[in-house]
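Read the structure below first, then the notes.
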Amino acid sequence: MTTHVIVGAGLAGAKAAQTLREEGFDGEIVLIGAESERPYERPPLSKEYLQGRSEREKIFVHPSGWYAEHGVRLRLGLRATGVDLDQHVVRLDDGSSQPYNKLLIATGATPRRLPGPAHYLRTVGDSEAIRERFAAGGRVIVVGAGWIGLESAAAARQAGCEVTILEPEPTPLHRALGPELGDVFAALHRRHGVGLRLGTGVADITETGVRLSTGERLDADVVVAGVGAVPETGLAREAGLEVGEGILTDASLRTSHPDVFAAGDVAEAFHPLYGRRIRVEHWANALNGGPVAARAMLGQDAVYDKIPYFYTDQYELGMEFSGDITGYDEVVYRGSVEDLDFIAYWLRDRRVIAGMNVNRWDVVREIQDLIRSGAAIDPKELSSD
Ligand SMILES: Cc1cc2nc3c(=O)[nH]c(=O)nc-3n(C[C@H](O)[C@H](O)[C@H](O)COP(=O)(O)OP(=O)(O)OC[C@H]3O[C@@H](n4cnc5c(N)ncnc54)[C@H](O)[C@@H]3O)c2cc1C
């Protein structure tokens with residue numbers, strides 16, 4: 001019997017397994033995951049689940065019976081330790097081996113660590129541990145004003161903690177959004193009573209707080225660090241697959257070996273629109289990339305060409321972001337930034353390369369069509385409601 005194996009039981013892996021069945025694959029599907037939980041979604045872990053506003057059952061990708069019902073053999077609490085590309089075998093940390101015909105690597109990413117004791121937020125267990133600490137109140141220091149840092153800060157404020165965010169860049173989300181929109185998030189958090197120390201690096205973390213690069217000490221009851229993630233490429237690298245920052249793939253998510261594919265956070269895939277490889281750590285990339293890899297595993301002509309898409313909720317701000325701001329030379333607004341009711345467009349040579357809708361909905365398609373068209377546009381046209 002043909003066996004397709006997926007290593008990494010996260011969103012990309014679970015959606016790939018689902019697509020294999022939906023596309024009529026009637027062989028064996030084995031989904032291997034290092035965590036003890038069945039596949040779940042991570043966005044709630046820094047939002048409603050962290051704030052205690054959502055039940056645990058809601059985070060899972062499929063109901064618990066789904067895997068058996070669809071003939072997907074879910075092997076949890078097992079780590080793949082090696083892949084023999086010639087023999088078509090995955091080695092597992094219980095000493096067994098799992099043969100495959102086609103293999104998907106969807107091993108995600110793991111938080112970048114700082115020296116010293118801090119909480120990191122990647123798993124459901126991490127979210128529960130942090131929620132418990134926030135519920136106890138006290139002083140929280142968040143290291144890093146990226147998405148996870150800001151969402152954690154919002155949850156800590158909503159739990160009534162005193163919160164300080166430390167960030168070496170001049171604004172939050174500096175690389176993702178640039179300074180203009182970074183300032184919007186800085187103002188939002190300040191309005192909610194968060195102390196923002198920008199341009200401030202951390203030298204080390206101790207049991208009682210942090211020491212800043214300036215030598216100053218700040219006391220804290222809890223330190224949460226959100227300083228980026230590192231893709232889990234070890235398996236691919238050791239197997240001899242081509243790896244850059246992520247596992248290198250073509251637009252069909254096929255790696256340098258024809259029977260091995262990669263999807264989700266771990267993949268650095270050729271994107272037809274950008275004409276280069278990109279690695280995207282967003283929910284939608286796992287949601288849509290897993291199915292494309294599955295179709296390619298079945299020999300279909302599948303191409304992943306979605307525009308990167310991200311969303312966040314912090315306090316009263318809900319937003320969706322599409323595109324990539326690299327190289328922008330102008331930001332144009334439609335609506336009211338002050339009232340948090342607007343769309344921001346990032347332009348390069350008068351072409352829209354990214355857009356963010358804040359508390360305005362059903363406009364993502366329109367924004368993405370503008371990005372995809374590559375057409376020059378009059379900024380005045382963009383800014384008029
Ligand atoms: C707290 C948090 C909040 C987020 N919020 C948002 C958001 O609001 N919007 C958004 O767009 N994105 C968000 N993201 C990003 C999004 O969740 C990720 O892009 C997505 O989870 C990636 O899915 P994945 O399947 O590629 O990887 P993962 O979900 O990381 O799954 C990979 C799985 O593989 C397992 N694994 C790794 N190595 C092995 C191995 N050798 N053997 C077996 N198993 C292995 C891991 O344990 C993990 O369970 C958030 C991420 C986090 C952590």
Side-chain angles (χ1 to χ4, degrees), residues 5-17 30-50 59-61 74-83 90-94 98 103-112 119-128 130-131 144 146-152 154-155 176 224-226 228-239 246-247 253 262-269 279-291 293 306 308-314 318-322 364:
V5 172
I6 301 166
V7 174
L11 181 59
K15 283 289 164 187
V30 183
L31 178 54
I32 299 165
E35 293 185 62
S36 55
E37 307 287 346
R38 71 182 193 269
Y40 58 90
E41 307 213 0
R42 300 187 193 275
L45 305 183
S46 50
K47 305 178 190 66
E48 62 271 22
Y49 192 67
L50 183 60
I59 66 173
F60 294 102
V61 182
L74 192 54
R75 303 190 66 190
L76 298 176
L78 264 186
R79 183 167 281 279
T81 53
V83 179
V90 178
R91 285 188 300 279
L92 302 169
D93 66 355
D94 64 354
Q98 173 63 59
L103 171 67
L104 172 62
I105 303 180
T107 45
T110 192
R112 182 168 289 124
H119 283 269
Y120 295 87
L121 183 43
R122 182 82 194 174
T123 67
V124 62
D126 296 338
S127 178
E128 287 164 359
I130 294 171
R131 185 171 67 193
W147 299 114
I148 289 180
L150 293 180
E151 289 173 2
S152 301
V224 178
V230 185
E232 285 275 7
T233 55
L235 204 59
R237 183 173 280 117
E238 280 158 31
I247 302 173
L253 306 183
D265 283 6
V266 79
E268 187 177 339
R279 195 175 72 77
V280 178
E281 282 180 9
H282 294 168
W283 169 87
N285 181 58
L287 181 80
N288 299 312
K306 295 255 184 215
Y309 164 91
F310 182 84
Y311 66 91
T312 186
D313 292 306
Q314 296 167 35
M319 74 83 168
E320 298 170 289
F321 173 88
S322 300
V364 168

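Counting convention: from 1, in listed order, for ligands and their atoms alike. Heads up: numbering here begins at 1 and tracks the sequence.
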Closest protein heavy atom to [atom], given as residue, atom name and distance to 0.1 Å:
atom	result
atom 4 (C) of ligand 1	P43 CA, 3.6 Å
atom 30 (O) of ligand 1	R122 NH2, 2.6 Å
atom 34 (O) of ligand 1	G8 CA, 3.2 Å
atom 27 (O) of ligand 1	G108 CA, 3.3 Å
atom 36 (N) of ligand 1	T107 O, 4.0 Å
atom 19 (O) of ligand 1	D265 OD1, 2.6 Å

Return the minimal non-hydrogen interatomic distance between [X] and [Y], and the atom names on each side.
X	Y	result
L31	A14	CD2-CA, 4.2 Å
Q314	T312	NE2-OG1, 3.1 Å
I32	L78	CG2-O, 3.6 Å
L104	A16	CD2-CB, 3.3 Å

For [X], atoms of ligand 1 separated by under 4.0 Å from a heavy atom:
X	value
H282	11 (O), 12 (N), 19 (O)
A286	22 (C), 23 (O)
A12	25 (O)
S46	1 (C), 2 (C), 3 (C)
R79	38 (N), 39 (C), 40 (C), 41 (N), 42 (N), 43 (C)
W283	10 (C), 11 (O), 12 (N), 16 (C), 19 (O)
L11	25 (O)
E35	47 (O), 48 (C), 49 (O)

Does the N or O separation between [X] and ligand 1 drop below 3.5 Å for any pair?
X	result
T312	no
A34	yes
A80	yes
E232	no
G264	no

D265 with R122: basic N within carboxylate O range, under 4.0 Å: yes
Any salt bridge linking E35 with R42? Criterion: basic side-chain nitrogen under 4.0 Å from a carboxylate oxygen. yes
Kindly indicate, with the supporting measurements, whether the criterion side chain to side chain contact (heavy atoms under 4.5 Å, CB included) is fulfilled by E128 and Y49. CA-CA 8 Å; E128 287 164 359; Y49 192 67; 2.5 Å; yes
If you measure from [atom] to every heavy atom of [options], which option wins on shortest distance?
atom	options	result
atom 10 (C) of ligand 1	Y40, F310, Y120, W147	F310
atom 52 (C) of ligand 1	L287, I148, L45, I32	I148
atom 7 (C) of ligand 1	R38, R42, E151, K47	K47

Please state which part of E281 comes within less than 4.0 Å of ligand 1, counting heavy atoms only: side chain, backbone, both or neither. backbone
Pick one of side chain, backbone, both or neither for how V7 approaches ligand 1, counting any non-hydrogen atom pair under 4.0 Å. side chain
Test side chain to side chain contact (heavy atoms under 4.5 Å, CB included) on L121 and S152; report intermediate values, then the result. CA-CA 9 Å; L121 183 43; S152 301; 3.7 Å; yes
Close approach, L78 and ligand 1, non-hydrogen under 4.0 angstrom: yes
Residues two or more places apart in sequence or in another chain: which of them pass salt bridge (Lys or Arg N to Asp or Glu O under 4.0 Å) with E37? R56
Heavy atoms, side chains only, cut-off 4.5 Å: are L235 and V83 in contact? yes
Could you walk me through whether K306 and V280 pass the side chain to side chain contact (heavy atoms under 4.5 Å, CB included) check? CA-CA 11 Å; K306 295 255 184 215; V280 178; over 6 Å; no
Can you see whether E151 engages S46 through a side-chain donor-acceptor pair at a distance of less than 3.5 angstrom? yes
Side chain to side chain contact (heavy atoms under 4.5 Å, CB included) between L76 and R38, intermediate numbers included: CA-CA 7 Å; L76 298 176; R38 71 182 193 269; 4.2 Å; yes
Side chain Y40, main chain V124, donor-acceptor under 3.5 Å: yes
H282: what forms a ring-ring contact (aromatic ring centres under 6.0 Å, His included) with it, not counting sequence neighbours? F310
